[in-house]
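Since this is a predicted model, take the numbers as computed values, not measurements. Values reported hereafter were calculated over all heavy atoms of this structure, with side chains retained and with hydrogens, waters and symmetry mates removed. Throughout, protein chains are lettered first and strands after them, A, B, ... in sequence-line order, and every chain is numbered starting at 1.
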Amino acid sequence: MSMDLNVKAIKKNAFRITKVRGKTALRIRVPGGLIEAKHLQAVKEIAEQYGDGTVHITIRQGFEIPGIPFEKMDEVNQKIAQMIKEVEIDNGVDIDNAKKGYPASGTRNISACIGNEVCPFANYNTAKLAQRIEREVFPNDYHVKIAVTGCPNDCIKAHMQDFGIIGMADTQYERDRCVSCEACVKNCSLRVTGALIMHNGKVRKDERRCVGCGECVLTCPTAAWSRNPEKFYKLVIMGRTGKKNPRLAQPFLEWVDEETIIKVIKNTYEYIDKYIDRSLPKEHVGYIVDRTGYQVFKEYALKGVVLGPKARVAEHINFGGYLYERDGFMK
Amino acid sequence: MGYRLSNEKFNKLLDGLKGEYKIYAPIRFPKRGRFSDTDLIRYGEINKVEDVVWIEKSNYSPKEIVFPITQTLFYFTEDEFKESMVHNKKILIFLRPCDINGMRRLDTIFLNNGPIKDVYYERLREKVKFVMMECKDGFENCFCVSTNSNYTQDYSIAVRFTSNEVFCELKDESFQQFFSNLGTEMNFKPEYIEENSVKVQLPEVDKITTEFFNHDMWKEYSKRCIGCGRCNMACITCSCFTNSDIAYEENPNAGERRRVWAGCHIDKFTDMAGGHSFRQDYSSRMRFKTMHKIYDYKKRFGEHMCVGCGRCDDICPEYISFSNCINKVSKTLKEDESNAQ
Amino acid sequence: MHNNPYLPQKMRILDVYPQTDIDITYKVECDIKPENGQFVQVSLPRIGEVPISVSDFGDGYMEMTIRKVGKVTNEIYNLQKGDNLFLRGPYGKGFPIENYRGKHLIIAAGGTGLAPVKSVINYFYRNAHEVKNFDILAGFKTPQDILFKDEIDLWRSKFNVLLTVDNANEGWEGHLGLITKYVPEIEIRDLENVEVVIVGPPIMMKFTAQEFLKLGVPKHKIWVSFERNMSCAIGKCGHCKIDETYVCLEGPVFNYTKAEKLID
């Protein structure tokens with residue numbers, strides 16, 4: 001019997017149409033790039049029993065298992081159900097029936113650098129935040145890419161996402177503990193933005209230059225520098241690759257708290273819902289912002305957001321990037 | 001004489017003491033540690049027994065109480081010198097035997113090295129009384145038993161903390177008044193750690209010659225050490241400082257002469273006006289510090305400087321272990337001796 | 001606080017004698033009685049404090065020859081007669097003059113190293129009968145760097161003075177080359193009755209001492225003076241410690257038998 005498939009439904013179920021006729025590939029989500037190792041067993045079994053025995057590790061930190069016959073999708077969904085339950089449902093993600101596989105694929109896996117469970121530079125637990133965002137935004141069909149990174153080193157490449165969340169340390173200086181060794185000043189000038197200078201044997205911080213990396217805390221031999229226990233984040237937006245206008249994400253918010261980040265992302269989904277061009281098969285959020293303009297996006301994104309005293313918001317954004325064609329947006 | 005006090009009663013004791021004393025103990029600064037979401041444990045003033053962190057080792061020693069990291073010596077108004085002042089309270093410090101032994105080293109340098117006493121140290125030090133925190137088990141990297149610093153009798157009060165009560169030994173009669181009507185009298189004597197998991201073999205001082213200063217064993221540290229000085233800052237016995245003047249920005253006619261901690265691992269320690277300096281290579285700084293702690297201080301004062309608190313090992317970002325270095329010195333000396341025979 | 005050892009005394013500058021473009025000798029009014037070769041802590045409030053060797057002294061005055069090489073000395077350089085300097089000290093152990101009496105004394109000084117020994121030379125200049133012979137070797141980088149020119153000329157009247165410069169343009173008729181070059185020319189008749197004082201940069205002292213050792217001068221007859229970073233000058237700050245020795249307490253003058261074992 002000939003194969004008769006609802007391709008859109010299949011895609012939504014996190015299976016992909018591949019170049020090999022009759023074969024699909026399953027995309028498994030790993031929010032924050034962190035799962036218990038036991039889940040690798042299911043990945044292995046699906047690949048070996050239904051796929052071609054290989055597993056692709058995606059750029060977004062998921063697994064993609066190729067070579068699965070379309071007719072095995074239900075069986076595969078059964079096989080992945082336990083992982084969906086433990087990784088998604090137990091995390092609070094709203095999925096009715098784990099045995100039916102992933103209910104959406106538009107909003108991509110939330111990726112994260114390894115974070116402060118391991119990395120000395122990271123300013124927070126990135127996997128935890130990624131898992132929270134997953135809970136807040138997934139399942140969702142809108143095409144949004146989100147990544148979280150522990151510090152401005154941006155190892156996860158948050159600058160290539162629609163939403164890139166970068167940890168910022170509000171470093172605080174206890175001048176009487178400072179021994180004028182200049183380690184922080186030298187390091188900041190060498191590796192960061194040169195936000196620190198010596199004055200009268202003590203250190204001065206140029207708040208506007210400080211990117212909140214926290215390296216002054218790492219280099220200080222006396223703990224004169226320490227982090228404000230309150231967490232702060234920078235949100236860079238609308239970075240992308242693609243065939244039209246690749247560009248780095250640009251700073252939208254700085255020194256905001258986690259609730260602001262979550263609220264802004266959720267507001268953005270409403271913004272998408274209002275402004276998306278439904279005549280197109282799909283439209284990435286960045287292109288919607290291109291159409292409506294930043295100010296419209298900004299107004300929507302900040303609805304109901306109460307910014308803290310340290311917070312800063314971009315008044316204008318020049319997204320820049322480059323166009324493959326000079327008239328790439330001409331119609 | 002001993003007392004057994006519930007935490008509640010002990011807090012009453014602290015309340016009573018606070019009228020006369022500033023009370024310092026290792027306390028926790030949540031999420032103020034070097035890495036995000038880690039805590040900093042260092043000395044600070046306490047209000048209640050629950051503030052005292054006794055189940056972990058502090059990252060920094062109590063020396064900053066008697067030898068502040070930054071201390072103003074004089075205030076200047078144009079050319080007038082005005083001495084800085086100190087608070088008028090007495091000082092009570094909760095600390096372990098290793099640190100009490102370390103304090104003696106600080107006393108030696110500041111009060112007994114050369115004919116002149118350091119009055120700025122003395123004016124704080126003479127206010128101090130010790131509350132010894134019993135330390136039966138030690139911590140990672142401790143080697144106080146090897147340096148004979150696991151034991152002391154130099155304290156006014158000794159305490160054993162438990163989750164809900166404090167056992168006290170009272171040696172200093174002047175504290176008797178604060179204890180009366182508070183707890184149950186009992187016999188209590190603190191116990192001392194008898195063995196650390198880290199052990200060091202201190203070298204025999206007369207086996208070290210000036211040739212050893214240039215020994216190849218130091219070379220590895222020239223690449224391993226980064227000259228950050230965390231070891232100096234964390235050490236209870238490192239006591240170096242630098243004096244400098246500043247003119248206040250708002251009005252340069254006023255200013256101050258202050259001293260801040262210095263460290264032999266940190267750049268500029270030996271820099272002289274005109275550009276000359278010594279020990280540019282980090283291995284020579286490691287050698288200089290090591291020899292001070294386990295060789296030349298003893299030649300000068302009769303006891304080793306290092307008390308084996310292990311804070312330098314705890315804090316070194318490059319995993320340079322001082323206890324390993326000491327053992328390496330002793331081993332190298334022995335090997336060289338047997339090779340020579 | 002009584003007896004605050006860090007509190008300096010204000011002292012009036014009686015006179016200033018420019019020596020070179022960057023060296024000035026300051027004569028200050030004071031009742032400090034230093035030993036030859038001791039040092040003082042000189043400061044300017046709000047600028048800082050530096051160790052400076054005493055280059056001469058007498059009744060009611062003391063002289064220091066200060067080179068403009070840093071924050072504090074740059075400020076001192078601008079001071080005039082009648083201005084004030086702030087001093088504490090004197091500190092350290094100086095030259096053991098009594099050891100030099102009746103001996104053949106040789107002083108080899110490089111650059112500013114002449115300052116701390118100048119009072120020794122002037123002492124024997126005033127009491128020439130107290131030494132058997134006296135050779136003075138003074139070396140400077142160029143003729144423009146020569147300190148105490150007038151006094152050097154005076155010393156020539158009583159002692160054998162050899163003045164040399166490392167480099168000179170045409171017109172210099174004196175000796176050329178490092179001090180070490182001229183050490184072998186000194187005639188030492190009685191090695192048991194010679195005393196050698198070497199003061200200068202570390203490298204100069206090291207090689208000059210080696211030259212004297214080659215001539216057979218026993219180590220214990222050689223004396224050097226060290227210069228180190230110092231903050232307190234009273235054995236607390238730790239900057240000048242070498243091995244178990246504190247240069248501010250046991251130095252700056254050391255017998256060579258001790259100095260050769262001091263490895264920084």
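Looking at B/Ala234, neither its backbone nor its side chain comes within 4.5 Å of chain A, counting heavy atoms on both sides. In this structure, no portion of A/Glu117 lies under 4.5 Å from any heavy atom of chain B. For A/Ser180, the part sitting under 4.5 Å from any heavy atom of chain B is the side chain, from C-beta outward, and nothing else. Within the 4.5 angstrom heavy-atom criterion, no atom of A/Ala169 approaches chain B. For chain B, the nearby part of A/Cys178 is the backbone; its heavy atoms alone come within less than 4.5 Å.
In terms of heavy-atom pairs under 4.5 Å with chain B, the best-connected choice from A/Gly214, A/Cys181, A/Ala223, A/Gly150 is A/Ala223. Contact count against chain A (heavy-atom pairs under 4.5 Å) is highest for B/Arg34 among B/Gln71, B/Lys31, B/Arg34. For the options A/Asn125, A/Asn228, A/Thr222, A/Asn123, heavy-atom pairs under 4.5 Å to chain B are most numerous at A/Thr222. Most heavy-atom pairs under 4.5 Å with chain B, from the set A/Gly167, A/Cys220, A/Ala183: that is A/Cys220. Ranked by heavy-atom pairs under 4.5 Å with chain A, the list B/Asp37, B/Val260, B/Thr38 is led by B/Asp37. When each of B/Tyr248, B/Phe241, B/Tyr60 is checked for heavy-atom pairs under 4.5 Å with chain A, B/Tyr60 comes out on top.
Checked options B/Asp267, B/Thr290, B/Thr270, B/Asn232; the residue passing with B/Arg285 is B/Asp267 (criterion: side chain to side chain donor-acceptor pair (under 3.5 Å)). Looking at A/Lys231, A/Arg132, A/Lys263 one by one, the single match for side chain to side chain donor-acceptor pair (under 3.5 Å) with A/Glu258 turns out to be A/Arg132.
A salt bridge does not link B/Asp281 with B/Lys223: every distance from a Lys NZ or Arg NE/NH1/NH2 to an Asp or Glu carboxylate oxygen is 4.0 Å or more. Using a 4.0 Å cut-off between charged nitrogen and carboxylate oxygen, B/Arg32 and B/Asp39 do not count as a salt-bridge pair. Between A/Lys145 and A/Asp162, no side-chain nitrogen of the basic residue sits less than 4.0 Å from a carboxylate oxygen of the acidic one, so the salt-bridge criterion is not met.
The aromatic rings of B/Phe74 and B/Phe81 sit perpendicular to each other, their planes meeting at more than 60°, with 30° as the lower class boundary.
Summarising the local packing, NZ of B/Lys268 is surrounded by 12 or fewer heavy atoms from other residues, nucleotides or ligands at distances under 6.0 Å.
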One pair to check against salt bridge (charged side-chain N to carboxylate O under 4.0 Å, His left out): B/Lys48 and B/Glu50. What are the steps and the verdict?
CA-CA 5 Å; B/Lys48 53 188 194 302; B/Glu50 290 81 6; 5.5 Å; no
